[in-house]
Each structure stands twice: as C-alpha cells, then as structure tokens.
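Here's the structure, in structure tokens; my notes come after.
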Number of protein chains: 2
Amino acid sequence: MKNVTIKDVARQADVSPSTVSRVISNSPRISPETSKRVRDTMKELGYHPNAIARSLVMQKTNTIGLVLARRTDTAFANPFFTEIIQGIAVVAQQSHFNLMLSAAQDYHQEREEVLKMFQNRMVDGVILMASRVNDELIKKLQQTNSPFVLIGRSLEIDNIPIVNNNNIKAAYQMTDFLIGKGYRKIAAISGPADYVVSQDRMKGYQQALQEHGIPFKEELIRYCDFSYEGGYEAALAILKDNEIDAFFAFDDMMAFGTLRAAEKLGFAVPDQLAVAGFNDDPIVAYFRPALTTVKIPILKMGEAAARMLIRIIKEEDYSGEEVIIPTEIIPRESV
Amino acid sequence: MKNVTIKDVARQADVSPSTVSRVISNSPRISPETSKRVRDTMKELGYHPNAIARSLVMQKTNTIGLVLARRTDTAFANPFFTEIIQGIAVVAQQSHFNLMLSAAQDYHQEREEVLKMFQNRMVDGVILMASRVNDELIKKLQQTNSPFVLIGRSLEIDNIPIVNNNNIKAAYQMTDFLIGKGYRKIAAISGPADYVVSQDRMKGYQQALQEHGIPFKEELIRYCDFSYEGGYEAALAILKDNEIDAFFAFDDMMAFGTLRAAEKLGFAVPDQLAVAGFNDDPIVAYFRPALTTVKIPILKMGEAAARMLIRIIKEEDYSGEEVIIPTEIIPRESV
DNA sequence: TTGTACGCGTTATCAG
DNA sequence: CTGATAACGCGTACAA
C-alpha cells in the first residue's frame, strides 16, 4: 500500500526521475515515445503527483485561504457569508486552487489566523471578509507583500484590492425610494457601529434625508448585531418611544426581526409601517410580507474576489484593483 | 524579505539545525540554556516552521477535507450544510487541524474530488456528506485505508464510521405525533428517492401509518429536491388531486414551500391543513405560521464527525464507530 | 546533550 | 532529448 512516487515510475519506465517530471509538466523537449511510455507506466502504477512535495520546491501551495472574522455562529447564520463562500469555492475549483477555510472567534483571533496561514506557508493568498475600520492586519499584509483581497470594506483606504458594493449609494437610493413613497419618519437599524458597512449605509441614509430636507434624528437610529434578534430588539426600542412610519434595516435578518417586532406591537406592514432590508438573501422572498430590500449580487462578489486574488497570485505585475458591484432595489410587499 | 528557516535560526544561535528542530518539538533531551537561546533567536528572527516541509517529512498534512456533493447552489442554500460546516470548522480549529473545502457539482465529480485530495496527499482524511445509496467511493476509501467519516448516511452498511440521526425513528415519531393530533390523511413530501435519508424517513412514515392501521397511499407521496420550490410544486400537485389534512415534508425548506402552496390554494394552516418539517433550521422559528418540525442537532453532528475523523487519523487502533444523535419534535404553530 | 547525514517527493540547473 | 545533481525546509536515526 505504499505511495507510488516519481522514482517508482522512472524505474519502471526505465528513465530518470527528471524525465518523468518533464512528462508531467508537458515539457516540449521530450520524445513522443518516451512520453507515451512514461504516461503508460504512470497509469499502470497509479501514480499521482504529491502536491506537498511540489509545493515545497515550487514555493507555491495553490491554495487560497478564507477566514471568517466573526463568531462562527453569527457568521454562518447569516446567508450572506455562505453565499460568498460559494462564489469563492466555485472559482477556486475552476482555477484548480484549493480553498482553506478558517474561522476566527473574534477580531484579534482573525489576525492570528491569517498571519499563521502565511507564516506556515499554507496559502498563497487570502480573502478577508472582516469589515472593521482601521485594520493593522492590512498594513502587515502589505508590508510582507502577502497577496490578499478584501470584500466589503471601506473605500477610504486607497489602492487596495477590494470587491465591494457602493453601500453609501445603495443606502441613499433606498432611503430616497422610501421618501418617494411618501414616508417621512424613517428609522434606521444599523449593524455594529465600527463596521465600515454600517458607517457607509448610515451615510447614505443621512445624505438622502438631508437632500430632501428631512431632519436627522439621533433617536431614530439604533445599532445592533447583524441578526434577527438584534433587529427585533432595536425595533421594539425605537417603537416604544417614537412615532415612525418606516424602518430601514441595514441587513435582511435584522429586517425580519423588525418585521416581527412591528407585528408584535400590532402594526400592520406595510399599511401602518414600512420595512426595508439590505442584501436580498434568497430566503427573503419566501417571508410574508415579502421584504423590500437592496439586492447585492453576493455570489458575484465572492467570485470576483476569488478571481482577483488568483490573478494577483499568478501575475507578477498585477496587484489588484477596486471592483464595485452594482446594487438594485427590489420592491416587494413590505413597503 | 527572504523566509527565515530552521537553518538561519541554527546559525544565529550557534547550534545545529537538528537542535532547533528538537526545541520546536519540545524534545526532553535538550539543555534549558540552549533551549532558551534557540527560542530567543526564533523570536528575534521571526521564525515560523514551514508546514509544507513538515508535512513532507512527517507524511501528515494536519488537514481534513470536506467536499460538498451537491450542486453548490443547492448545497449552500440549505442551512443544513452551513451549520454542519460550522461544527466541523470549530472542532478543526480547536484541534489545530486545517479545513480544506471543495465543492463538487455532481455525484461523479464528488468522487473525483475526494480521491484527488487523497492522491495528491492534501488531506489526512475527509468528511463526506453525500448520502446516496450504494457508493463505491466508500469501498475505495476502505480499500486504500483512507480515513473518512460519513454524515447522515444509511445504517445499512455495517462497521463504518458515521454520525447520523435515526431518521426512521424520527419520521416515525413525527407521523405518530400527527396521528395523535387527530390527522389521518397525511401526505408525505420526500427528498430525492435515491438518498438514504429520504428512504429512511419514508420508512418511518410508513411504519407509523401501519401501526395505526392507516392505509398507505402511493398518491399521497411525492419526491422532489430539498428546496422551497420542490416542496411548493409537490404540495400543489398533491392538493390538486387529493383531499388531505396534513403534510409531512422531510425537510424544512420543502415544508416552507408546502406552507406557501397551501396558502396559495386558500387553505388555512393549521386549521384546515397541518404542515410539519424536518431539521429545525434556525430560520424556521421566524416564519409564520412557525413550523412544527423535527429538531436535529446539526451543529453537534458536524462537531462529532470532525472529532471522530481526527481521532481516526491520530489513533492507530481506532477506526471509528457509529454515533447516533437523538432528535426531538418541536411543536409550533403549523400543526 | 548535541551534531552529522540522510531522506521525504519534486523541480530546476547544468551537462552531455 | 535525457540524466545526474542540487536544492526546497524539516525530522530523525545514528554517532559522538
């Protein structure tokens, strides 16, 4: 049951290991006969190249890393992440890259995991989904020339490989859409304040209000987790002390929570209260009332990120760019 | 920017490479002074062991593989899989194992992917989530002595490492529960017929009917994808030609589809028609009417599988076992 | 307690 | 067109 190596093939085919190696890599300077003979013995012996040994000498692992920088439970509960992973997995597959997954419990651990992946030479590059501001991890990766691509981070840092949607614009448009529908007292339920997505969406929300001459009220906004429970509690809190006619939740799961909170307090949606979300998770359309939301082509973002990373790894003189994926408002029943 | 190796450390600390190696592996026979000196220089030089090189010599990758054997879109759309992944990821992390993810588009490609992982020596073992009957992949893995653990496969093959829930029993209990509630004309919506889970749940369903003296009717069962759309269409088809008082869908997403189909045709749930699901996906509780379902501790199954696989890999004389995770009926509004 | 020499499976360089 | 030989970075008998 011993593993058959390049040497075994060489011996059997009566050539040197180098020749076998050349056959494997389709080297042009090799006679058709030997090539065939070697290929035959490879089949015969059931030979498969050892990727580890190859990695060692090539200094390339053909592996990309992905670390989820949230408590894994919240990360996986949100369909957003699984869809991103899906996009990445498919592209990796097509490009003959392996995908290494790692889950970090918090922000600090994410840093450790990412650095470890590089330090142990397990990956050729990573895709980062963490979205906090002010990340020294980024600097570190830049300093050490470690290939990486960001997903969903701010645009404020320049010249950095990133796949994003324009959160400011999207939030602006949704808010504008709500105002156009006649809503004036629009409350906002945001994700954690230190996430760039939260900040950007908040900006767009405020911009739209301002342009329509609607005063921004601090008491109409709440920050919470990107979760059903977070949205639920936040909505209850806002409804308790304020009279409003619409909710704009910066995430679909939060929007669901909002929906149920409104329902619980006896508000009819959308007649007495409108609710809008963000993401267009696949599950959204199945709920009642169906959620009006901002569609983000999440899958495409994952794919784009993977493609960019692989290109950065492969091409010496390409170091990534900024890709903005366009969003779209999906009107449904909840508004 | 060159990578610092064991040799660099050795030279700097004025010892031999083997000594450094011993320090790394905490070899007992080494003087405290040299140990300290070596450790210091490791820090000083920013040394990190190269996992690839280590893998090559140790013939261990410390990596477990996971391949999703569905069209990736359907795989990821179903929360079941993401939760399994989560459980696996957490345990892998704790055990200092890497997790390699791979997505296969179909049954045949799954086989290729799994074998490739082993042939290229990328993994020490794999976790399989494919659930079709009669799998030669399994045999192949057994023959080649490749560590693996199954999740959710049949119990019919003996002596095989597997984490499962007792689908027959669970389906029996849910059907029995429905009958106890007074329902008699219970239709079943199953996943694909060649999946073992489907078959097992169907068995339990039939057993319960039989024990209560209720005749089993072929026209009251339908097979479809594990998806919302599948359940929706199946329910419509059944309702079109039959008069029934309850649906038992063998998956929550299908149950949702069923729910909406009933709604569409004007049936009030649960007053005119009961609907029961399977899995207890986290999202279930948020729907209206909230779904009565069979709770499977999915996360625990992932964890158990990962733990078992790692133990198989590490312990020479342990080759896995059969772990049955208990299920539980969660009564909610839909029944 | 430490150092030397060899091997893990491949690729690359340099001769021939 | 092909074959030695030397790396890649590390672990480990065997010696000292």
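The figures that follow rest on heavy atoms only: side chains count, while hydrogens, waters and symmetry mates do not. This structure is a prediction, so every number in the text was calculated from the model and none was measured.
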| said: Walk me through whether A:T34 and A:S31 qualify under side chain to side chain donor-acceptor pair (under 3.5 Å). | reply: CA-CA 6 Å; A:T34 25; A:S31 84; 2.4 Å; yes
| Length of the line joining B:N26:CG and D:dT12:P, which is rounded to integer Å | 13 Å
| said: Between B:T19 and C:dG3, is there a contact of a side-chain N or O with OP1 or OP2 at under 4.0 Å? | reply: yes
| Salt-bridge present (A:E315, A:R311; N to O < 4.0 Å) | yes
| message | What I want to check is whether the side chains of B:E113 and B:S102 have a donor and an acceptor closer together than 3.5 Å. | response | yes
| said: Is it the case that the side chains of A:E44 and A:Y47 hold a donor-acceptor pair, with the cut-off being a distance below 3.5 Å and no angle test? | reply: no
| query | Between A:S27 and A:S25, does any side-chain donor sit less than 3.5 Å from a side-chain acceptor? | reply | no
| query | Does the side chain of B:T34 get closer than 4.0 angstrom to OP1 or OP2 of C:dT2 through an N or O atom? | reply | yes
| query | Is there a donor in the side chain of B:T19 and an acceptor in the side chain of B:S16, or the other way round, less than 3.5 Å apart? | reply | yes
| note | To the nearest angstrom, the CZ-C1' distance between A:R11 and D:dG3 comes to 16 Å
| d(CG, B:D8; P, D:dC8) in whole Å | 10 Å
| query | What one-letter contact string describes nucleotides 9-16 of chain C from 5' to 3', where B marks a base within less than 4.0 Å of any protein heavy atom, S marks contact via sugar-phosphate atoms alone, and - marks no contact? | reply | BBSBBB--
